[in-house]
Amino acid sequence: MNKLRLASFGMRGFIGESLPPELVIDFASAFARSLAGGRVLLGRDTRDSSTMIHAAVTAGLLSAGCEVLDCGICPTPMLQYAVKRYDAAGALSVSGGHTAMGWNAVTLIGPDGAFLEPVSGEAVLDSFHARDFIKRNWQQMGAVVPITDLATAYFADMLARVQLDAIRAAEFTVLIDPVGGAGCPHLTPFAEQLNVRLIPINGQPSGYLAREPEPRPRSARQMASIIPFTGGDAGFVLSSDMGRMSIVTETGEPSSEEYTFPLIANHVLARQSGPIVTNVCTTRTLDDVARMHHAPLLKTRVGQAYVVSRLRDEQAVLGGEGSGSMVYPAFSHAFDGFMMMALILEAMAVGNCTLSTLLRALPRYAIVKRSVSCNSRDGYRAMETLKDADDFATEARIDVTDGLRMDWEDAWLHVRTSQTQQLVRVIAEADTAARAEQRAEEAVRIIQQAL
Amino acid sequence: MKHSLKIGVSGVRGVVGQSFTPQVATSFAQALGTFVGGGVIMVGRDTRPTGAMIEQAVLAGLLSVGCKPVLLGTVPTPSLLYSVYRERARGGIMITASHNGSEWNALKFVDRRGLFLSPVHAEELFDIYHQKDFPLASEADLRRPQSRAQAVTPHFERVAGYVDQAAIRAARLRVVVDCCNGVGALHTRPFLEEYFHCSVVTLFDTPSGCFEREPEPLPENLAALGHCVRETGAAVGFAQDPDGDRLAVVDESGQPVGEEITVALAVHAVLTHHGKGPIAANLSAGMSIQRVAEKTGCELIRTRTGEVYVTEAMLRANAVAGGEHTGGIIIPAIHPCRDSYAGMAVILERLALTGATIRQLCNEIPRFALLKDKVPIRPEDAAHALRNLRRAYADSPMQFMDGLFIDFGDRWLHVRRSNTEPVLRLIAESATPAESARLIADARQALGLTTA
């Protein structure tokens with residue numbers, strides 16, 4: 001059974017198992033209560049289950065008297081951008097995002113367009129658990145207002161933050177794979193404004209996921225195999241909510257999603273100084289990039305909610321994660337695939353160089369990702385064992401901001417229980433592949449013994 | 001006053017903002033989807049402001065158990081029922097509290113024949129609902145919903161095909177319709193204009209679900225319609241209820257003929273112009289329809305109150321027409337359900353073919369003084385009150401098919417529990433209004449309830 005996961009900024013579950021419509025209505029009703037039945041934006045991705053959840057959410061919001069501005073199929077970052085523009089009390093996004101077919105999630109967005117702050121989110125959870133909702137009568141019932149003109153303002157505002165003329169003059173050819181998700185309807189307008197020749201892959205909205213939706217080198221195989229023959233200057237592989245992205249170079253090399261953020265940070269920090277924010281398990285490349293630009297690097301728990309929250313508190317110039325995501329607060333408080341693409345194309349245009357050249361400028365480490373099957377109860381015990389393991393842990397610097405992070409001179413290791421599967425995830429990074437491999441292997445062995 | 005959810009043979013009904021929540025609606029939709037075993041489910045709604053919210057909840061529930069919902073939008077109840085039958089859907093859900101006030105809404109469940117669930121099936125559905133163990137569909141098994149525009153067309157064509165369309169068109173009838181700000185506000189004018197070339201005046205024709213008159217088409221609620229009929233010199237006035245299943249007629253002088261005479265008029269029209277056969281009506285439908293049966297030499301089958309009981313009896317007996325005393329006209333050759341559009345068509349046809357006026361046609365039907373009353377009662381007190389009544393009338397011939405029906409030969413009294421509200425309904429009929437009023441007053445006293 002794939003269990004329901006609740007967080008202060010949303011709920012995630014598995015269709016047919018842990019995400020029945022009644023719970024979704026409860027959750028939407030609880031959110032509506034925290035907004036006192038105000039104006040809410042609503043959007044979804046293209047998965048078939050998103051239609052079902054969208055209907056359940058709509059019912060919950062209307063019953064609490066909310067005015068529902070329905071953006072229909074809408075990338076999550078576009079929805080997040082729209083919250084302030086439409087002066088909404090919040091927004092609610094229905095999207096499976098990077099998770100595999102069968103998973104889906106409801107994400108709550110606050111009045112500033114960021115994922116809901118923990119304080120507000122806890123109030124939502126309290127009313128969800130107590131089933132304490134606003135129930136409006138027929139005279140106070142909410143209404144649905146369809147929103148169709150969102151993209152124009154979104155792109156205009158976004159592209160005012162980049163050197164559009166330079167990008168347009170470069171006349172790039174770009175491959176974009178939005179996995180048949182919420183980004184599909186917006187690729188052509190985006191490309192037209194950037195004067196980019198667009199080659200879409202999986203560009204038709206589809207309830208069926210043509211590939212693994214997590215942007216990773218293995219999801220980029222299809223693109224990598226054709227990009228050299230198309231004369232493409234860049235390839236972008238996205239999640240179905242447009243929140244995460246990995247890169248394929250013009251030579252057909254799929255780059256690890258870990259380098260998406262460092263690549264953009266290297267470009268943005270060159271012209272804008274200030275702190276940047278990331279999570280505790282992002283590549284050391286980012287530490288190096290920050291150091292090169294004398295930018296303070298702040299680390300948080302894993303997840304958009306934490307990164308953006310810290311970014312706002314510290315008035316950082318940029319935030320992002322090794323999962324292939326970046327938030328540019330000059331524009332919005334969202335992990336935004338379109339903004340990422342625009343900034344990378346800007347870096348290429350302004351620097352007059354290829355994507356592989358830009359990537360080569362980044363210091364590289366070897367990353368190894370492993371997983372150990374383990375139910376959620378045993379995850380904590382496994383980590384405790386690892387933390388106390390003789391030899392292994394003694395020389396390491398330990399950080400428990402999120403899961404367990406261990407740092408050595410030449411390597412680091414991060415262990416965390418998965419949010420979606422019965423797994424403990426192990427990430428190791430080191431100067432050499434052999435060293436990373438060794439650290440990961442040791443950790444996996446110790447965890448397996450503990451279980 | 002707090003109203004609890006009412007789950008019964010007429011579906012599930014409640015006040016939105018109190019007991020009727022989207023969670024309840026979604027669970028019932030899941031229960032129906034489970035009960036019919038997936039497949040296409042048609043969904044329609046009336047104009048109530050809560051309908052859109054409930055529709056979304058129903059949509060989510062149906063999708064979650066692997067059904068394919070087809071949304072017909074705002075349509076009359078008979079159009080939904082006919083669509084389920086015609087398109088061979090597995091079932092349907094109509095979102096309407098029919099004649100109840102705007103604050104109410106309800107789900108009515110439809111089987112694959114396009115009929116409301118029989119009491120036995122409704123109970124099975126409620127069992128599934130209460131167990132709440134719905135087999136949820138996996139992502140790969142989810143179906144995509146559809147929306148259907150112009151969902152009333154097949155129904156209207158069916159109605160128009162039943163009657164002598166050319167004769168009605170040739171008669172160029174002037175008609176006033178009181179749509180009660182319900183589904184008729186969207187559909188009745190085009191129905192009468194396009195199919196029958198009537199000259200149409202509409203009243204309460206904003207599809208807002210805010211009822212500017214009491215939603216039941218009772219004579220006392222039809223003053224505006226009567227006035228308008230007189231003003232415009234129309235041949236007939238029609239009053240619909242919010243979901244378009246019930247009909248009441250106002251004659252050319254602006255006088256409401258009463259719902260039971262409306263039904264008798266339509267049944268008489270069917271028997272005269274479409275061939276004789278058995279007819280059916282509920283116990284409360286009165287003596288007029290009985291006289292129509294006697295006059296035409298047709299058998300009359302009496303049933304309990306409730307559309308399902310009448311339609312089931314009609315299907316068993318192969319009846320050609322029938323109805324309920326509340327203005328529910330049923331013509332099985334069109335579709336075995338209460339249908340104000342079928343009622344309007346056969347009455348217009350009769351006007352056209354006979355050249356008579358509504359008053360003249362009504363005069364052919366013996367009239368009695370039918371009086372209706374209701375007494376609020378807590379459900380737990382109803383049985384006791386009915387027992388009191390039974391004792392008081394122990395010497396008279398009685399029927400227990402539905403509450404208590406006391407037949408005095410030339411007059412009768414019917415007291416039964418409402419299927420939709422926490423009230424006892426009292427209906428009496430006799431030769432004179434004074435006599436009927438006395439029957440009701442006696443009955444109220446015998447019930448042991450002191451309220452006046």
Side-chain angles (χ1 to χ4, degrees), chain A residues 2 13-29 32 42 46-66 68 70 94 96 99-104 131 133-145 205-209, chain B residues 3 14-30 33 43 47-69 71 97 100-105 132-146 208-211:
Chain A
N2 293 300
F14 199 78
I15 299 304
E17 295 180 11
S18 50
L19 206 57
E22 212 185 331
L23 279 189
V24 175
I25 294 174
D26 282 357
F27 200 70
S29 302
L42 173 60
T46 55
R47 300 188 193 205
D48 288 331
S49 56
S50 296
T51 309
M52 185 262 286
I53 296 171
H54 178 271
V57 163
T58 305
L61 295 174
L62 291 179
S63 72
C66 288
V68 179
D70 188 358
V94 178
T99 53
M101 175 148 154
W103 288 98
N104 213 323
R131 297 178 56 93
F133 311 131
I134 300 176
K135 294 193 207 170
R136 295 296 192 202
N137 69 26
W138 67 283
Q139 287 163 311
Q140 308 155 325
M141 194 69 3
V144 175
V145 182
S206 163
Y208 171 80
L209 297 169
Chain B
H3 293 282
V15 172
V16 176
Q18 296 180 13
S19 54
F20 197 44
T21 62
Q23 288 87 343
V24 165
T26 216
S27 293
F28 267 106
Q30 289 178 304
V43 180
T47 56
R48 282 178 168 74
T50 55
M53 182 274 281
I54 298 293
E55 182 184 66
Q56 292 294 311
V58 164
L59 177 61
L62 290 175
L63 286 170
S64 74
V65 294
C67 292
K68 182 179 184 61
L71 302 180
N100 292 100
S102 297
E103 68 274 28
W104 292 85
N105 216 329
K132 292 236 162 117
D133 184 20
F134 311 121
L136 297 172
S138 69
E139 174 92 40
D141 293 330
L142 291 181
R143 312 277 306 266
R144 285 173 204 153
Q146 266 183 12
S208 63
C210 304
F211 309 135

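In what follows, chains carry the letters A, B, and so on, assigned in the order in which the sequence lines appear, proteins first and then strands, with residues in each chain numbered from 1. In what follows, every heavy atom counts, from backbone to side chain, and hydrogens, waters and symmetry copies are set aside.
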Original post:
Given that the side chain runs from C-beta out, which part of A:F133 has a heavy atom under 4.5 Å from chain B: side chain, backbone, both or neither?
Top reply: side chain

**OP:** Pick one of side chain, backbone, both or neither for A:M52, based on which atoms fall under 4.5 Å of a heavy atom in chain B.
**Re:** both

What's the separation between atom [atom1] in [X] and atom [atom2] in [Y], rounded to the nearest 0.5 Å?
{"X": "B:S27", "Y": "A:I25", "atom1": "OG", "atom2": "CD1", "answer": "7.5 Å"}
{"X": "A:F14", "Y": "B:E139", "atom1": "CZ", "atom2": "CD", "answer": "8.0 Å"}
{"X": "B:Q56", "Y": "A:D70", "atom1": "CD", "atom2": "CG", "answer": "8.0 Å"}
{"X": "A:R131", "Y": "B:T21", "atom1": "CZ", "atom2": "OG1", "answer": "7.5 Å"}
{"X": "A:I15", "Y": "B:D141", "atom1": "CD1", "atom2": "CG", "answer": "12.0 Å"}
{"X": "A:S18", "Y": "B:L136", "atom1": "OG", "atom2": "CG", "answer": "9.5 Å"}

**OP:** Find out whether A:W138 and B:V16 are in side-chain contact, i.e. whether some heavy atom of one side chain is under 4.5 Å from a heavy atom of the other.
**Re:** no

In terms of heavy-atom proximity below 4.5 Å to chain A, should [X] be classed as side chain, backbone, both, or neither?
{"X": "B:Q30", "result": "side chain"}
{"X": "B:A137", "result": "backbone"}
{"X": "B:P145", "result": "side chain"}

Subject >> Polar side chain donor-acceptor pair, A:D26 to B:Q23, under 3.5 angstrom >> reply: yes

**OP:** Say whether, by atom type as modelled, one donor and one acceptor occur between the side chain of A:E22 and the main chain of B:T26 under 3.5 angstrom.
**Re:**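 No, A:E22 side chain to B:T26 backbone: no donor-acceptor pair under 3.5 Å.
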
Subject >> Where B:G61 and A:P21 come nearest, the two heavy atoms and their spacing >> reply: CA-CG, 4.1 Å

**OP:** Compare every heavy atom of B:L59 with every heavy atom of A:A55, then report the nearest pair and how far apart it is.
**Re:** CB-CD2, 3.7 Å

**OP:** Please determine, among A:P20, A:A143, A:S29, A:G102, the option with the most heavy-atom pairs under 4.5 Å with chain B.
**Re:** A:G102

**OP:** In sequence, state the C-alpha distance, the side-chain angles, and the governing distance for B:R144 and A:T51, and then conclude on side-chain contact (heavy atoms from CB on, under 4.5 Å).
**Re:** CA-CA 8 Å; B:R144 285 173 204 153; A:T51 309; 5.7 Å; no

**OP:** Please determine, among B:G209, B:P49, B:A140, the option with the most heavy-atom pairs under 4.5 Å with chain A.
**Re:**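 The residue among B:G209, B:P49, B:A140 with the greatest pair count is B:P49.
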
